[in-house]
Amino acid sequence: MVGAARTRDVVVVGGGPAGSALAHRLASLGRDVLLLDRAEFPRRKPCGECVNPAAVRALDRLGVLPAVLAAHPAPLHGWRIGAGAEGFGGSFPRGESGFALPRAVLDRILLDHARAAGAEVRTGVRVTDLLRDESGAVAGVRGVDADGRPVEIPARLVVGADGLRSVVLRRLGLLKRGPRLRKLALTAHVTGMHDMGGRGELRVRGRECVGIADVGDGSANVTVVVTGGHAEGVRGHAADFFDDALRRHGIGAWRVDDVLATGPFDWPIRRAVADGALLVGDAAGYYDPFTGQGIYRALHGAELAARTVDAALRAGGVTSAALAPYDRARRRAFGAGERVQHVVEGVVSRPALFGAVAARFRRRPVLADAVIRVTGDVSPVRSLLRPSLLARLVW
Ligand SMILES: Cc1cc2nc3c(=O)[nH]c(=O)nc-3n(C[C@H](O)[C@H](O)[C@H](O)COP(=O)(O)OP(=O)(O)OC[C@H]3O[C@@H](n4cnc5c(N)ncnc54)[C@H](O)[C@@H]3O)c2cc1C
C-alpha cells in the first residue's frame, strides 16, 4: 500500500450511469468525491442501449444532454413487439422520445461529466471489500489497482454503484436471495440492418427474446435473451448461438464485435442503505431487462440519493437512519414499475398467453401505447387502471 489515503466525503464504486450521475451531483454540491471503476473507459456494457424518454429527461436535468446528443444517438419513438403479422406496435406520446447509443459512448460522456464537476475518477481499480470502523459502520473501501497493488481508501460514505453483481451489496449482506428467474443475455453490434424507422423491435419466440435497436452510425444493437435450462446450454458457445439467433429470427445483418454474455438478472435486495453506505442503480436490485428501464432507474435513483446524502453529510452522520429517506423515495419511485416488470415477464414467458395478449393489442393499439408509455416511464403505472382502458382490455 502506498501512503495513507485521505478520508473522502464519498467514495463511489462504479462509473456506470448511476455512479457517474451521483458523483456529478455530489461534486457539484462541493463534496470531495472519488469515483472508482475496475474498467478502463471507454468500455462496453451488455445492454440493449435504449435510453427511454424519462431517462432523456433525467440526462437533461443532469446538464449532460447536449453532450450526449452531440454523439448522434439514433431516435427511438416506440417499439414493435412480437414477430411479423403476430406482432404489435406502441409509441411514446407526441413530443416524448428516447434514443439509442452505444454504452461505450454514453458512459464515457457521463464519466467525463462527473469529472468536470470536480469528482476525481480512478479507473482500473477493482473494489474487493469494505473497511469498517469499531462500531461496524462502513468506513471506506479496499481494492486492487491496475498494477495489482492493494489500495485502501477511507470515506464517510461508500456508494455501491457497481452494477448487477455488486460487491458492495454482497459485502453489506443486503442481498435478499439468489435469482429465481434464470436468464442469460448475449449482446453484440451488427451492421446491415434494414431502416427501423425510429422503432426498437422485440421479437419473442418461445423462451427466446431478441431486442434490436438502431444505435446510429450504421450499426444496431442486438440482444438475445434466453431462459432457464436453455440458458445453461449456451454458456461457452455464445458467439455461435448469437449468430444462429440472427438466422433463426431472420435478421439479415452481420456481427461486428464480440458477443458479451451476462445473467442472471434477478437480484432483489432487502434495503438500499446501511450505516456509512448506500446502493444505487442495478446494485440496488434488478429483475429483468425486457422493459429497458435500467438507465432511467440508475439516473433517477442517483437524483434521489443525492438529496439524502447531502442532507446527511451536512447533519454530520451518514447512518442507516439518516439515509432511510432515500430508501423510501426509491421504493415510492420504482416499486409499482417493478411489479409491472414482473407482470410483463410473466406474460412474455408464456407463449400462449403472450399470443393472446399480442392479438388483443393488435386490435386495440391504444392498449399497446399505454403499456409502452408506462415502460418508457412517461406515464404512471396507475394510468393502466383507467376504466376506459380496462374496458378495451376486456372487450
Ligand atoms: C441484457 C441487458 C439489456 C439491457 N437493456 C437496457 C436498455 O435497453 N435500456 C435500459 O435503460 N436499460 C437496459 N438494461 C439495464 C441497464 O444496462 C442497467 O440498468 C444500467 O447499466 C445500470 O447502470 P449502473 O450504473 O447501475 O450499473 P452499470 O452500468 O453496470 O455500471 C457498473 C459499473 O461498476 C463497475 N464495477 C463493477 N464491479 C466493480 C468493482 N468491484 N470495483 C470497481 N468497479 C466495479 C463496472 O465496471 C461498471 O462500469 C439492460 C440490461 C441488460 C443486462
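Every number for a ligand or one of its atoms is a count from 1 in the order of the listing. The analysis underlying the following values was restricted to heavy atoms, covering all of them including side chains, and did not include hydrogens, waters or symmetry mates.
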For ligand 1, which part of [X] has a heavy atom less than 4.0 Å away: the side chain, the backbone, both, or neither?
X	value
Asp37	both
Arg103	side chain
Ala18	both
Val167	side chain
Ala161	backbone
Pro289	side chain
Ala185	side chain
Ser20	neither

Under 3.5 Å, side chain of [X] to main-chain N/O of [Y], donor-acceptor pair present?
X	Y	result
Arg255	Asp257	yes
Ser383	Ser379	no
Asp133	Ala139	no

By number and element, which atoms of ligand 1 are closer than 4.0 Å to a non-hydrogen atom of [X]?
X	result
Glu49	7 (C), 8 (O)
Gly292	7 (C), 9 (N), 10 (C), 11 (O)
Val125	42 (N), 43 (C)
Gly14	33 (C), 34 (O), 35 (C)
Thr223	1 (C)
Ala298	23 (O)

Protein heavy atom at shortest distance from [atom]:
atom	value
atom 13 (C) of ligand 1	Cys47 SG, 3.5 Å
atom 12 (N) of ligand 1	Gly294 N, 3.3 Å
atom 27 (O) of ligand 1	Gly163 CA, 3.7 Å
atom 42 (N) of ligand 1	Val127 N, 2.9 Å
atom 4 (C) of ligand 1	Gly48 N, 3.2 Å
atom 11 (O) of ligand 1	Ile295 N, 2.8 Å
atom 15 (C) of ligand 1	Tyr286 OH, 3.2 Å
atom 8 (O) of ligand 1	Cys50 N, 3.1 Å

Exercise. Anything under 30° is parallel, anything over 60° is perpendicular, the rest tilted; go ahead and classify Phe354 against Phe88.
Key: tilted

Practice problem: Look at the aromatic rings of Tyr287 and His342 and report parallel, tilted or perpendicular, splitting at 30° and 60°. | Solution: parallel

Within 6.0 Å of [atom1] in [X], more than 12 heavy atoms from elsewhere:
X	atom1	value
Arg362	CZ	yes
Arg177	CZ	yes
His72	NE2	no
Arg61	CZ	yes
Arg43	CZ	yes
Asp145	CG	yes

Quick check: does [X] get an N/O under 3.5 Å from an N/O on ligand 1?
X	answer
Ala283	no
Val280	no
Phe41	no
Phe265	no
Asp282	yes
Leu164	no

Quiz item: With no hydrogens and no angle check, do the side chains of Glu49 and Asn221 hold a donor and an acceptor under 3.5 Å apart?
Solution: yes

Quiz item: Is the closest side-chain donor-acceptor distance between Arg199 and Ser91 under 3.5 Å?
Solution: yes

Can you figure out which of [options] has its heavy atom closest to [atom]?
atom	options	value
atom 23 (O) of ligand 1	Gly263, Pro17, Gly281	Pro17
atom 36 (N) of ligand 1	Arg38, Arg43, Lys45	Arg38
atom 37 (C) of ligand 1	Thr128, Asp162, Val13	Asp162

Residues [X] and [Y] bridged, charged N to O under 4.0 Å:
X	Y	result
Arg247	Asp243	no
Asp9	Arg156	yes
Arg203	Glu208	no
Glu96	Arg57	yes
Arg171	Asp129	yes

